[in-house]
Amino acid sequence: VWYAPFLPHTPHNPPARLLKQYADIVDPADRKYLAMVEWMDETTGELLGMLEEKNVADNTLVIYLADNGWNTFGKAFPYENGVRTPIILRWPNKITPGTDTRDLATNLDLMPTILDACRVEGPKGLPGVNLLNPTEVRIRKEIFLANYAHDMVAADAPEKSLWTRSCIDGNWKLILWQD
């Protein structure tokens, strides 16, 4: 199942019951955005509740991904708000809940992780590591990034939309702006 609600993107039209909780926030756009985030949290909770009700939660790997945020220097930028976004795995009785703020993960890790969870052997040389294997995750020392313009410049020439190439190594990041 791929659950991809168009939240908290525009149109910012949260239910009034959620919007009124943020009435003390001055900026109407921020008020609507926060209500949209809560609406997404609520609908995600409903989906997880349905898995529990149908007694399939223990046999379901749930992966949560977030894009890169709301603020001006989020989307498509190589700065922290644009690239340090959460990847959350939930699989009751198979994954011990916890937070890893030391090791690096990337969306390229999703394919090897899902294949392993399904006990399917992936193709040789597949990029990424299996996030269900702490040893594989810990061995990785760096990740490489490419940031593109939010709106594609030319469909047949993706390099024209490339803004930066970056490398994250622990707490260090090299950002190379493309000309």
Side-chain angles (χ1 to χ4, degrees), residues 1-111 113-114 117 128 131-132 137 143 145-153 155 158 161-164 166 168 171 173 175 177:
V1 174
W2 177 268
Y3 176 59
F6 204 65
L7 300 171
H9 294 87
T10 57
H12 291 139
N13 58 350
R17 66 183 170 74
L18 296 177
L19 189 58
K20 72 180 178 182
Q21 295 178 172
Y22 300 96
D24 61 333
I25 294 176
V26 177
D27 186 336
D30 288 346
R31 187 179 323 139
K32 285 184 175 182
Y33 177 75
L34 291 171
M36 293 291 287
V37 169
E38 186 168 345
W39 195 13
M40 182 171 168
D41 289 348
E42 185 179 90
T43 60
T44 300
E46 290 171 356
L47 178 60
L48 295 175
M50 284 189 278
L51 295 174
E52 295 287 343
E53 287 173 19
K54 297 191 178 295
N55 294 317
V56 295
D58 287 350
N59 195 30
T60 304
L61 171 60
V62 175
I63 301 173
Y64 172 84
L65 303 172
D67 75 2
N68 36 19
W70 170 253
N71 66 14
T72 304
F73 294 106
K75 290 194 179 299
F77 280 89
Y79 308 119
E80 296 312 278
N81 290 336
V83 297
R84 295 232 187 220
T85 58
I87 296 176
I88 301 171
L89 305 177
R90 178 186 183 268
W91 200 359
N93 301 317
K94 298 214 170 134
I95 297 175
T96 303
T99 302
D100 182 348
T101 59
R102 182 184 70 190
D103 298 309
L104 298 168
T106 172
N107 56 5
L108 292 175
D109 299 333
L110 299 179
M111 178 68 80
T113 302
I114 292 168
L131 296 174
L132 300 173
V137 174
I143 57 174
L145 311 166
N147 294 84
Y148 293 86
H150 188 270
D151 296 320
M152 186 181 304
V153 174
S161 299
L162 182 64
W163 281 357
T164 66
S166 305
I168 297 175
N171 290 324
K173 183 188 309 169
I175 300 172
W177 287 89

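At most 12 heavy atoms of other shown residues, nucleotides or ligands fall within 6.0 angstrom of atom CE in M111. Within 6.0 Å of NZ on K94 lie more than 12 heavy atoms contributed by other residues, nucleotides or ligands.
Atoms CD1 and CG, on I143 and L108 in that order, are 9.0 Å from each other to the nearest 0.5 Å. Between the CG atom in L61 and the CG atom in L89 there is a gap of 6.0 Å [rounded to 0.5 Å]. Atoms CD and CG, from E53 and L51 in turn, are 9.5 Å apart once rounded to the nearest 0.5 Å.
Ring geometry for W177 against Y79 counts as tilted: the plane angle lies between 30° and 60°, on a 0 to 90° scale.
Shown here for R31 and I25, the closest heavy-atom pair between the two residues is NH2-O, 2.8 Å. Scanning both residues, P158 and Y148, for their nearest heavy atoms gives O-CE2, 3.6 Å. Considering every non-hydrogen atom in both M36 and N13, the closest pair reads SD-N, 3.5 Å. Summarising the geometry of D151 relative to S161, their closest heavy-atom pair is O-OG, 4.4 Å, with the distance given to 0.1 Å.
In this structure the side chain of R84 reaches within 4.5 angstrom of the side chain of L104, judged on heavy atoms. The closest side-chain heavy-atom distance from L131 to I63 is not below 4.5 Å.
Remark: the T44 side chain and the Y3 side chain contain no N/O donor-acceptor pair separated by less than 3.5 Å.
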